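Letters go in sequence order (proteins before strands), and every chain restarts at 1. Remember, it's a predicted structure, so these values are computed and weren't measured experimentally.
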Amino acid sequence: MRYWLMKSEPNVFGINHLEKVGTEPWDGVRNYQARNFMRDDMRVGDKVLFYHSNSKPSGVAGLAKVVRTGYPDHTSWDPESKYHDPKSTPETPRWFMVDLGYVSTFKQVVSLDEMRQAEDLADMVLLNRSRLSVQPVDKAHYDLIVAMGKNKR
DNA sequence: GCCAACGTTGGC
DNA sequence: GCCAACGTTGGC
């Protein structure tokens, strides 16, 4: 069992959208490190912190889980898609995605500011390499953030 | 909307 | 293989 943090802009696709649809293919990731995590390391049942970026406030908004392991991102070879990459083809796909399932929504977002103030979270990837949109999370960090989210109820 | 951080591209 | 130019992310 591994733990992850995945970012999304809530005005594009937030935790409420995920709740509504139940399951969502995580297409459009165009960063090699993020791709490698999805393609190689994610397993069905892995737990995911669902992070709202470009938001007020930005922070973890709820929980999700991996419901399908890595498979080629078909938007990458679709010329109509905004995620089109001419170097990716069905024969040699360059980009991969997983499917995410909805788990729960925090009563209030655990904000980036709160996480920065929590000493125990200081070495989270989020707080040190902030631009990575798919990143691994330690179990202890995951558990603490879930507790912070629950304490708001 | 600004802009710093940082990942990617491509000329050499 | 270096590194300048460029594009994107994401907090503010």
Between the side chains of [X] and [Y], is a donor N or O closer than 3.5 angstrom to an acceptor N or O?
X: A:Y83; Y: A:D78; result: no
X: A:R94; Y: A:Y32; result: yes
X: A:D27; Y: A:H74; result: no
X: A:R30; Y: A:T75; result: yes

Just to be sure I understand the geometry, which residues of residues 7-17 of chain A put a non-hydrogen atom under 4.0 Å away from DNA chain C?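 Under 4.0 Å from DNA chain C: A:K7.
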Please report the distance, rounded to the nearest Å, between [atom1] in [X] and [atom2] in [N].
X: A:L112; N: C:dT9; atom1: CG; atom2: P; result: 18 Å
X: A:R129; N: C:dG11; atom1: CZ; atom2: P; result: 15 Å
X: A:D113; N: C:dG10; atom1: CG; atom2: P; result: 18 Å

A:Y142 vs A:Y3 aromatic rings, parallel, tilted or perpendicular, using cut-offs 30° and 60°?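 Geometry flag for A:Y3 against A:Y142: tilted rings.
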Work out which heavy atom in A:R68 is nearest to a heavy atom in A:V98; give both atom names and the distance.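 For A:R68 versus A:V98, the nearest heavy atoms are O-CB, 3.2 Å.
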What closest approach, in Å, do A:I15 and A:S104 show between heavy atoms, and which atom pair accounts for it?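 So the minimum-distance heavy-atom pair works out to CD1-O, 3.8 Å.
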Under 4.0 Å: is that the gap between some side-chain N or O of A:S58 and OP1 or OP2 of C:dG11?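 The answer is yes; a side-chain N or O of A:S58 sits under 4.0 Å from OP1 or OP2.
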Just to verify, which of A:W26, A:Y102, A:F106 counts as forming a ring pair (Phe, Tyr, Trp, His ring centres under 6.0 Å) with A:F50?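 Going through A:W26, A:Y102, A:F106 one by one, the ring pair (Phe, Tyr, Trp, His ring centres under 6.0 Å) with A:F50 is satisfied by A:W26 alone.
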Which residue lies toward the 5' end of DNA chain B, A:R30 or A:N54, if each is placed at its nearest nucleotide?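 That would be A:N54.
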Which residue, A:N128 or A:K87, contacts DNA chain B at a nucleotide closer to its 5' end, judged by nearest heavy atom?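 Taking each residue's closest nucleotide, the earlier one in sequence belongs to A:N128.
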Under 3.5 Å, which N/O atoms of the protein pair with N/O atoms of nucleotides 2-8 of chain C?
unit_1, atom_1, unit_2, atom_2, d
C:dT8, O2, A:R131, NH2, 2.7

